[in-house]
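All figures in this text were calculated on a predicted structure; none of them were measured in a lab. Along the sequence shown, the residues carry numbers beginning at 1. First listed ligand is number 1; within each ligand, the first listed atom is number 1.
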Amino acid sequence: MAEIYRVDASFDHGFFKGTSCAFGVFDGVHRGHRFLLDCARATASENGGASVALTFDIDPDEVFHPTRLKKLMTNEERVLMLADSGVDAVAVLPFTRDFAASSPEEFLVQTFDGTVPSCLHVGYDFKFGARAAGTVRDLDAWAAEGGTDVQAHDLKSDDGAPITATRIRLLLADGDIEEANHLLGRPYFMTGVVEPGRGEGADLGFRTANLTVPDQMRPLGDGVYAAYAHVDGARYKAAVNVGVAATFADRATATCEVHLLDFSGDLYGKPVKVEFLHWLREMRKFDDLDELVSTVKGNIAWVRENL
Ligand SMILES: Cc1cc2nc3c(=O)[nH]c(=O)nc-3n(C[C@H](O)[C@H](O)[C@H](O)COP(=O)(O)O)c2cc1C
Ligand SMILES: Nc1ncnc2c1ncn2[C@@H]1O[C@H](COP(=O)(O)OP(=O)(O)OP(=O)(O)O)[C@@H](O)[C@H]1O
């Protein structure tokens with residue numbers, strides 16, 4: 001696991017000397033992001049410097065577009081996944097309103113404070129600074145003075161279109177978990193802490209761990225999915241309902257209900273990570289509870305046989 005540095009007032013910017021940095025938010029740490037991180041690793045090994053994922057502590061959209069934000073992972077998960085991606089270090093810039101309001105030139109001065117990296121990798125569409133006015137042309141102008149080799153890459157594509165966090169979010173919203181996972185290069189996951197439910201699952205014949213995942217952290221469309229649930233270091237097959245149960249909409253609050261196969265025990269208060277693998281069906285409002293039970297049990301049987 002790479003070292004994680006916070007680029008705050010006490011940070012020694014001498015750290016950047018000789019480094020190869022890949023710069024971006026990196027929500028999802030998808031295959032396109034990994035391509036850019038691999039480019040940083042390649043030039044780092046050519047130049048003999050360290051490879052660095054340079055990112056922000058929060059997603060800038062948390063400041064600018066909080067209502068339409070649908071994040072692929074929490075900020076902590078993102079930074080940890082970057083640290084585990086093979087780079088030597090992760091440098092985390094605090095994203096304040098002041099920082100965001102700085103001109104492209106000031107933004108770069110504040111970020112590097114006089115010590116520039118030897119190589120900086122970005123996608124060709126990379127934008128930075130106030131109103132995202134800074135472009136690769138500004139990076140090139142800055143690099144010409146300081147001597148950084150700026151490499152603006154074509155975006156890694158799949159099926160003729162660039163792999164982007166936005167594209168993955170749209171697939172997830174449609175429940176197209178297989179294609180989203182293909183672009184992520186790993187299963188999409190959601191995390192949460194188990195809360196008490198209404199206790200009806202046990203009466204119905206299947207228990208569920210209830211998670212309340214905030215809207216901003218739920219790009220995945222409502223529906224029933226086959227998944228793996230990770231808890232206490234163990235992995236269980238799971239049948240999962242995403243969204244507030246339509247049959248109980250008047251009293252249900254959980255936004256993700258997880259039935260773990262072959263598990264019996266108390267999960268309240270425990271963190272659970274749910275890795276989604278297949279879409280099974282749309283969530284329905286059932287008029288008949290027996291039909292709800294037999295449908296859910298059929299989903300659980302499918303998971304048992306097919307995962
Ligand atoms: C695999 C699975 C599929 C589900 N599908 C639906 C559904 O289509 N419609 C619905 O209203 N609730 C659905 N549920 C939610 C159940 O109605 C809910 O788990 C049950 O009411 C127990 O809730 P409780 O744990 O809060 O007591 C599903 C739950 C699971 C585990
Ligand atoms: N497919 C890709 N191939 C190479 N580089 C990429 C790709 N997608 C993004 N990048 C670059 O990775 C860095 C992080 O980008 P960013 O966090 O904006 O990701 P994104 O997937 O494009 O997100 P969004 O869809 O929300 O704009 C930027 O330098 C960006 O240009």
Student: Taking only heavy atoms of Phe248, which atoms of ligand 1 are found under 4.0 Å from at least one of them?
Tutor: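 This gives 17 (O), 21 (O) as the contact atoms.
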
Student: Is there a heavy atom in Met283 that sits closer than 4.0 Å to ligand 1?
Tutor: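 Yes, that is the case, since the closest heavy atom of the residue is under 4.0 Å from the ligand.
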
Student: Looking at Ala246, which atoms of ligand 1 are within less than 4.0 Å of one of its heavy atoms?
Tutor: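 Contacts of ligand 1 toward Ala246, numbered from 1: 10 (C), 11 (O).
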
Student: Using a strict cut-off of less than 4.0 Å between a Lys/Arg side-chain nitrogen and an Asp/Glu carboxylate oxygen, indicate whether Arg218 and Asp215 qualify as a salt bridge.
Tutor: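 Yes, this pair counts.
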
Student: With atoms numbered from 1 as shown, which atoms in ligand 1 lie under 4.0 angstrom from a non-hydrogen atom of Phe286?
Tutor: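 Contacts of ligand 1 toward Phe286, numbered from 1: 7 (C), 8 (O), 9 (N).
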
Student: Without hydrogens or angle criteria, can the side chains of Thr191 and Glu77 be said to hold a donor-acceptor pair below 3.5 Å?
Tutor: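 The criterion, which ignores hydrogens and geometry beyond distance, is satisfied for Glu77 and Thr191.
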
Student: Could you tell me which atoms of ligand 1, counted from 1 in the order shown, lie closer than 4.0 angstrom to a heavy atom of Val224?
Tutor: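 The list of qualifying atoms is 1 (C), 3 (C), 5 (N).
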
Student: Could you tell me which atoms of ligand 1, counted from 1 in the order shown, lie closer than 4.0 angstrom to a heavy atom of Ala239?
Tutor: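 It comes down to these atoms of ligand 1: 1 (C), 31 (C).
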
Student: Select one of side chain, backbone, both or neither to describe which atoms of Thr247 lie under 4.0 Å from any atom of ligand 1, heavy atoms only.
Tutor: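 Looking at Thr247 and ligand 1, atoms from backbone and side chain both fall under 4.0 Å.
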
Student: Whether Lys71 and Asp61 form a salt bridge (side-chain N of Lys/Arg under 4.0 Å from carboxylate O of Asp/Glu) is what I want to check.
Tutor: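 Salt bridge absent between Asp61 and Lys71.
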
Student: Side chain, backbone, both or neither: which part of Val258 comes within less than 4.0 Å of ligand 1 when only heavy atoms are counted?
Tutor: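 The answer is neither; Val258 stays 4.0 Å or more away.
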
Student: Considering only NZ, NE, NH1 and NH2 on the basic side and carboxylate oxygens on the acidic side, decide whether Arg284 and Glu291 come within less than 4.0 Å.
Tutor: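 Salt bridge present between Arg284 and Glu291.
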
Student: Please report whether ligand 1 has a polar contact with Val296, defined as an N or O pair separated by less than 3.5 Å (distance criterion only).
Tutor: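 In fact, backbone or side chain, Val296 has no N or O that close.
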
Student: If hydrogens are left out, which of His259, Arg281, Glu257 has an atom nearest to atom 3 (C) of ligand 1, that is, the closest non-hydrogen atom?
Tutor: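 Going through His259, Arg281, Glu257 one by one, Arg281 has the nearest heavy atom to atom 3 (C) of ligand 1.
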
Student: Would you indicate whether the side-chain heavy atoms of Glu62 and Phe95 approach each other to under 4.5 Å?
Tutor: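 No, their side chains stay 4.5 Å or more apart.
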
Student: Students should find this: residues with any non-hydrogen atom under 4.0 Å from ligand 2. What is the answer?
Tutor: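 Within 4.0 Å of ligand 2, protein side: Phe23, Gly24, Val25, Phe26, His30, Gly32, His33, Phe35, Leu36, Val122, Gly123, Asp125, Phe126, Leu155, Lys156, Ile163, Thr164, Ala165, Thr166, Arg169.
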
Student: Less than 3.5 Å apart, which donor and acceptor atoms pair up between the side chains of residues 22-37 and the rest of the protein, not counting sequence neighbours?
Tutor:
unit_1	atom_1	unit_2	atom_2	d
Asp27	OD1	Leu72	N	3.3
Asp27	OD1	Met73	N	3.4
Asp27	OD2	Leu72	N	2.9
Asp27	OD2	Arg169	NH2	2.8
His30	ND1	Gly32	N	3.0
His30	ND1	His33	N	3.2
His30	NE2	His33	NE2	3.0
His30	NE2	Ala165	N	3.4
Arg31	NH1	Asp158	OD2	3.3
Arg31	NH1	His182	O	2.8
Arg31	NH2	Asp158	OD2	3.1
His33	ND1	His30	N	3.3
Arg34	NE	Val29	O	3.4

Student: If you look at every heavy atom in Val240 and Cys256, which pair is closest and at what distance?
Tutor: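 Shortest heavy-atom separation between Val240 and Cys256 comes out as CG1-SG, 3.7 Å.
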
Student: Among Asn210, Thr253, Thr212, whose side chain to side chain donor-acceptor pair (under 3.5 Å) with Glu195 holds?
Tutor: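 Single side chain to side chain donor-acceptor pair (under 3.5 Å) partner of Glu195 among Asn210, Thr253, Thr212: Thr212.
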
Student: With sequence neighbours excluded, tell me which residues meet ring-ring contact (aromatic ring centres under 6.0 Å, His included) with His121.
Tutor: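 So His121 forms a ring-ring contact (aromatic ring centres under 6.0 Å, His included) with His153.
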
Student: Using a strict cut-off of 4.0 Å, indicate which atoms of ligand 1 neighbour a heavy atom of Phe206.
Tutor: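 Those qualifying, in numeric order: 19 (O).
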
Student: Please confirm whether Arg284 comes within less than 3.5 Å of ligand 1 when only nitrogen or oxygen atoms on both sides are compared.
Tutor: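 Yes, there is a polar N/O contact under 3.5 Å.
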
Student: Side-chain contact test, heavy atoms from C-beta onward, threshold under 4.5 Å: evaluate it for Thr111 versus Leu93 and give yes or no.
Tutor: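 Result yes, sub-4.5 Å side-chain heavy-atom pair found.
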
Student: With a 6.0 Å cut-off on ring centres, are Phe11 and His13 close enough?
Tutor: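 For Phe11 and His13, the ring centres are under 6.0 Å apart.
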
Student: Which atoms of ligand 1 are found less than 4.0 Å from any heavy atom of Asn210?
Tutor: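 Answer, ordered by atom number: 25 (O), 26 (O).
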
Student: My understanding is that only residues two or more places apart in sequence, or in another chain, count here; which of them pass ring-ring contact (aromatic ring centres under 6.0 Å, His included) with Phe263?
Tutor: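 Phe263 satisfies ring-ring contact (aromatic ring centres under 6.0 Å, His included) with Tyr236 once adjacent residues are dropped.
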
